Structures are given as C-alpha cells and as structure tokens.
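Here the structure comes first, spelled out in structure tokens, and everything after it is commentary.
Everything quoted here is computed from the prediction, not taken from an experiment. Every chain is numbered from 1 and lettered A, B, ... according to where its sequence line falls, protein lines coming before strand lines.
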2 protein chains.
Amino acid sequence: MKTSSVELIILDLLSHEQAHLTAQEIYQQLKLRLPAVNPSTVYRALERMAHAGKISVSDMGRGAMVYEAVGGERHHHLVCQDCGAVMTIEDRPVNELFRYLEGRYHFEMITNHLILFGRCQNCQKVSESGRQ
Amino acid sequence: MKTSSVELIILDLLSHEQAHLTAQEIYQQLKLRLPAVNPSTVYRALERMAHAGKISVSDMGRGAMVYEAVGGERHHHLVCQDCGAVMTIEDRPVNELFRYLEGRYHFEMITNHLILFGRCQNCQKVSESGRQ
DNA sequence: ATTGAAAATGCAAGTATTTGCATTAAAATA
DNA sequence: TATTTTAATGCAAATACTTGCATTTTCAAT
Ligand SMILES: [Zn+2]
Ligand SMILES: [Zn+2]
Ligand SMILES: [Zn+2]
Ligand SMILES: [Zn+2]
C-alpha cells in the first residue's frame, strides 16, 4: 500500500477532534484542503483504511456510517435512540465479554468500537411521565 | 400506524426463513408478490418497522444493512471478516454485559441483535501458515 | 537518475437510497 | 353508512454511493 496523500489528510482530520465523521463530512472537509478531490477517491480511501484497521467504522444511528481514528484509549458508546445522546463507556466490561467469546468460539475479535442502542435516563423519565 | 399490506408481506418474508435480508433483497422478493410496489415504499416500511421494534437492523459486512424479524430466541452473531462466515451465539453472555451496563449507566438497552467482527478459527490458521 | 510494477486517483456511468409533494387507503368519528 | 383525519403509497427529482476503465502517482529496482 502506497502512502496516499488523501489518506494522510483523512487521518489528520479524524485525529484532531475525537471525531465520528460520516463519509460526506469527511469529503466536505477534505475538499477544503484538496479542492479537486473526487468523491470516489474518498470512499475508496475510507474502505482501504478501515480494512487495514487504521480507522473504525460504526453505525451510530446517523443514517450513514461514521469513521473514527483508531489509536488512543479503546472505547465504546451507548447511543440513545430517542434523543441521539452519545455516552462513552470504558473498555473493561466489553473487553471481558470479548475475551470470553474468543475462548468459547475460537474466534479472534476485531471489532474495536462497539455501539449499543437504547434509551438514556432522561428519555426513560419523559416517556414514564408523559403520554406514549 | 395503519396495518400496511407491505409491512405484512415483509414480516412474512423475514419470518419464513431465519433470514438476514438486505433492503434490495426484500424489494426483489416483494415485487414477486406485489409487482407494482415502489422502492421508496419498501425503504420507508423498513424504517418504520425497525423503529417500532418489529425487525432488527444490522451491519453484517455485506455492504448494506440486513433486516431480520424479531421474535424467536434472541441471538447474536460472530462474522469473519476474511471469509464472511457467520456464527450464531447464545444470548446469555451478551445479556450479562447488557444488564451490567444498564445498571452502571442507567441506560435501557434496545440493541437486540449484536454483530461482532473478527476472524474465524479457519482463517486464523490460514494466515498463520501461509504468507501475510 | 531511469525504468517498471503496483497502487491510487479521476472520470463517467450505473445503482442504491432519500426526500418533497400529490394521491390513495385505512381508521376514527359523526 | 358518510365524513373527517391520519398514515401509507407512488412518483419524480435529488443525493449518495459503487464500479470499470484509463491515467497518474508512488515506490522499488536497476
Ligand atoms: Zn468513538
Ligand atoms: Zn435520550
Ligand atoms: Zn440473526
Ligand atoms: Zn473465516
């Protein structure tokens, strides 16, 4: 794999903020620095980087996959399906499950950014009191 | 919510086989029974049904989300990123993690069909011996 | 420094998915 | 049953994403 200039900029974009960006958002940002870049180049670069484990790809309920640089502390998220709130959770309990499954099923886990959907405390209260 | 005829057929499609079907696959099947159905009707029905908890939506690495009827035994999957093999795993250990997280974060879990990516035993062996 | 192979990019066409708005069908109400 | 209300559908246009192929760039080997 050649070190593509587009890849370098994408990594820079994703590293700066601890961002979860969609392909579209990345493309828009990228155009600011590389005005002539083609959309398909971006889609292909993201696919390549995800496959190489440089970035994670996750459905966070935003209608399109979001990408994040892999590197710092490993983490996961709880996403509220009602209000969209995103909570970040520690790796430990998730990691324990993963180690167990690896042993039990002789499977080597690659997933490194788990997204779980549900309802946050606030939205639970709302529907408890109000109608619905 | 009106009982839409499209919804009924989709549920029937998804129930019959313990299928994980993409929107396109569902649309193609549906056309056999309802030749004049419009694609957007299918996409909208799927969105509605997912939101109502009637079906699960998951990325199983097939390039598009797959839908499955919710109802029988709750289960989850391990998907091999190399060969695409799909293993079905029991709910118990996953459920334990979920209950823990619910208590720890006052979060009510909705995710009911978890997909974890990794490498199956066979593909691990292959890359161990062969090159790469 | 040149040359050649392999990988990345651009471009254009194809496919998939979403969206706004008018119409139709279903449920609720009178 | 007739009327009103609300949700589902069709249609067409817009947007998002993918793919095949020609060209350009990168890296490694002269
Ligand atoms: Zn994250
Ligand atoms: Zn919430
Ligand atoms: Zn399943
Ligand atoms: Zn495999």
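Atom-to-atom, CZ of A:Arg62 to C1' of C:dT18 comes out at 17 Å; the value is rounded to the nearest Å. Whole-Å rounding puts the A:Met49 CE to C:dA7 C1' distance at 15 Å. Residue B:Leu46 contributes atom CG, which lies 13 Å from atom C1' of C:dT18 at whole-angstrom precision. Rounded to whole Å, atom C1' of D:dC17 lies 14 Å from atom CD1 of A:Ile26. Protein atom CG of B:Leu8 is 15 Å distant from nucleotide atom C1' of D:dT9, rounded to whole Å. Rounded to whole Å, the distance from CD on A:Glu25 to C1' on D:dC17 is 16 Å. Residue A:Glu47 contributes atom CD, which lies 19 Å from atom P of D:dA16 at whole-angstrom precision. B:Ile10 places its CD1 atom 12 Å from the P atom of D:dA8, with the value rounded to the nearest Å.
Salt-bridge check for A:Glu7 with A:Arg44: failed, with every basic side-chain N at 4.0 Å or more from each acidic carboxylate O.
Between B:Arg48 and D:dT9, a side-chain N or O to OP1/OP2 separation shorter than 4.0 Å is present. A close approach under 4.0 Å does occur between a side-chain nitrogen or oxygen of A:Tyr43 and OP1 or OP2 of D:dC17. Taking 4.0 angstrom as the limit, B:Thr41 places a side-chain polar atom (N or O) nearer than this to OP1 or OP2 of D:dG10.
Here the CZ-CG distance, from B:Phe107 to B:Leu101, works out to 9.0 Å after rounding to the nearest 0.5 Å.
Side-chain contact between A:Tyr27 and A:Val37 is present, with at least one heavy-atom pair separated by less than 4.5 Å. Between A:Leu116 and A:Leu114, some side-chain heavy-atom pair lies under the 4.5 Å cut-off.
Each of B:Val6, B:Leu11, B:Val57, B:Val70 was scored for a side-chain contact (heavy atoms from CB on, under 4.5 Å) with B:Met49, with one residue passing: B:Leu11.
Two residues, B:Val6 and A:Gln24, neighbour DNA chain D, and the one matched to the more 5' nucleotide by heavy-atom proximity is B:Val6. Residues A:Arg44 and A:Ala23 both approach DNA chain D. Their nearest nucleotides, taken by heavy-atom distance, put A:Ala23 toward the 5′ side.
Within the 4.0 angstrom heavy-atom criterion, no nucleotide atom of any strand lies near B:Ala45.
Applying the 3.5 Å distance criterion, the base of D:dC11 shares a donor-acceptor pair with the side chain of B:Ser40.
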